[in-house]
Amino acid sequence: MIDRTDIGAVIDEMYAMISGPAGPRDWSRQDAVFHPDSRQIRTWIGADGKPAMKAMSPAQYAADTTPFFAANPFFEVELDRKIDVFGNIAHVWSSYEAKTAPGDAAPERRGINSIQLFRNEKGQWQIIAMIWDNERPGVSLDDQRF
């Protein structure tokens with residue numbers, strides 16, 4: 001039986017790394033959480049009504065989000081998590097809500113992160129791929145159960 005504690009710690013650190021008041025984030029924390037070859041994939045519905053995505057390396061994600069985090073408080077809080085493990089791979093479904101302050105009653109948005117992890121040669125779990133989507137009309141966390 002695999003101890004899921006280490007996987008959970010990676011997910012906890014991923015959320016902690018991006019959450020905080022307006023200002024810089026410590027992107028050096030990515031090294032422990034994300035595999036160097038990992039990809040983070042943002043999805044959305046484009047103005048044309050079609051699904052769209054942007055895939056980024058850890059450095060590209062940091063560059064892409066730094067202006068937003070510099071100007072905006074952002075706290076992403078995990079609501080629920082499901083971890084599946086097979087050998088050296090793991091998959092985590094993690095639902096979240098984003099707020100501008102931890103105590104805000106209503107979230108700015110909610111969604112699901114689909115996170116794939118790899119146990120590297122040192123036995124450490126690292127995120128190898130992460131894709132997420134936010135709620136919108138017709139797509140609700142209330143309809144999802146892990």
Side-chain angles (χ1 to χ4, degrees), residues 4-85 89-146:
R4 288 165 168 74
T5 304
D6 290 343
I7 295 167
V10 170
I11 304 306
D12 291 344
E13 174 64 5
M14 182 272 302
Y15 280 114
M17 176 175 48
I18 63 169
S19 295
R25 300 301 191 254
D26 180 0
W27 294 117
S28 68
R29 295 168 71 180
Q30 288 189 106
D31 296 342
V33 175
F34 289 92
H35 188 278
D37 294 328
S38 68
R39 291 294 173 264
Q40 295 173 68
I41 305 160
R42 177 184 302 122
T43 68
W44 68 92
I45 299 298
D48 60 2
K50 295 180 182 177
M53 58 157 268
K54 181 176 186 176
M56 298 166 276
S57 68
Q60 290 168 327
Y61 177 81
D64 187 69
T65 58
T66 291
F68 174 82
F69 290 140
N72 299 282
F74 180 83
F75 295 86
E76 197 163 87
V77 178
E78 186 176 50
L79 300 172
D80 197 12
R81 175 188 300 171
K82 178 186 178 205
I83 301 173
D84 293 313
V85 181
I89 62 173
H91 182 256
V92 178
W93 286 107
S94 175
S95 60
Y96 62 85
E97 60 184 18
K99 299 179 175 189
T100 56
D104 287 352
E108 171 197 329
R109 64 178 169 259
R110 300 187 322 163
I112 294 182
N113 290 311
S114 172
I115 307 164
Q116 295 76 47
L117 298 97
F118 168 70
R119 185 171 39 198
N120 66 25
E121 65 280 355
K122 296 176 185 174
Q124 300 165 325
W125 289 98
Q126 290 183 298
I127 297 171
I128 193 75
M130 181 171 147
I131 187 169
W132 62 93
D133 201 357
N134 293 323
E135 283 184 315
R136 59 185 171 278
V139 179
S140 171
L141 286 183
D142 298 331
D143 298 333
Q144 301 300 314
R145 298 290 176 255
F146 297 139

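In what follows, residues are counted from 1 in the order of the sequence shown. Because the structure is predicted, anything quoted here is derived from the model rather than measured.
- Residue pairs meeting the salt bridge (charged side-chain N to carboxylate O under 4.0 Å, His left out) criterion with at least one partner in residues 92-107, sequence neighbours excluded, are E97-K99.
- Here CD1 of I41 is found 8.5 Å from CE of M56. Values are rounded to the nearest 0.5 Å.
- Looking at every heavy atom in both residues, Y96 comes nearest to I112 through CE2-N, 3.3 Å.
- Under the 4.5 Å side-chain criterion, counting only non-hydrogen atoms from C-beta, Y15 is in contact with N113.
- The CD1 atom of I18 lies 11.0 Å from the CZ atom of F75; values are rounded to the nearest 0.5 Å.
- Remark: E76 engages no residue in a salt bridge (charged side-chain N to carboxylate O under 4.0 Å, His left out) (not counting sequence neighbours).
- Between I115 and I11 there is a side-chain heavy-atom pair separated by less than 4.5 Å.
- Judged as a salt bridge (charged side-chain N to carboxylate O under 4.0 Å, His left out), the pairs with a partner in residues 53-65 (not counting sequence neighbours) are, in order, R42-D64, K54-D64.
- Side chains of S114 and M130 form no contact here, defined as non-hydrogen atoms less than 4.5 Å apart.
- The side-chain heavy atoms of Q40 and M14, taken from C-beta on, include no pair separated by under 4.5 Å.
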Verdict with supporting geometry, D37 and F118, side-chain contact (heavy atoms from CB on, under 4.5 Å):
CA-CA 11 Å; D37 294 328; F118 168 70; over 6 Å; no
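- Closest approach of G8 to I83, counting heavy atoms only: N-CD1, 4.3 Å.
- Applying the salt bridge (charged side-chain N to carboxylate O under 4.0 Å, His left out) rule to pairs touching residues 25-34 yields E13-R29, sequence neighbours excluded.
- Applying the salt bridge (charged side-chain N to carboxylate O under 4.0 Å, His left out) definition to pairs two or more places apart or across chains, those involving residues 121-134 are D133-R136.
- Note on residues 30-68: pairs passing ring-ring contact (aromatic ring centres under 6.0 Å, His included), not counting sequence neighbours, are W27-Y61, F68-F74.
- Between A32 and Q126 the shortest heavy-atom distance is O-CG, 3.8 Å.
- Pairing each heavy atom of Q60 with each of A55, the nearest pair is OE1-O, 4.2 Å.
- Taking 4.5 Å as the limit, every side-chain heavy atom of M53 sits out of range of all side-chain heavy atoms of I131.
- At least one donor-acceptor pair closer than 3.5 Å links the side chain of E135 to the backbone N or O of L141.
- Contact between S38 and P58 at its shortest, heavy atoms only, is OG-CG, 3.3 Å.
- Considering every non-hydrogen atom in both A22 and A71, the closest pair reads CB-C, 3.8 Å.
- Taking the side chain as every heavy atom from C-beta outward, R110 and S95 never approach each other to under 4.5 Å.
- Rounded to the nearest 0.5 Å, atoms CD (Q124) and CG (D6) are 9.0 Å apart.
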Start with the C-alpha distance between K82 and D80, add both sets of side-chain angles, then the distance that settles salt bridge (Lys or Arg N to Asp or Glu O under 4.0 Å), and finish with yes or no.
CA-CA 7 Å; K82 178 186 178 205; D80 197 12; over 6 Å; no
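- When side chains are defined from C-beta on, R81 counts as touching D12, because their heavy atoms get closer than 4.5 Å.
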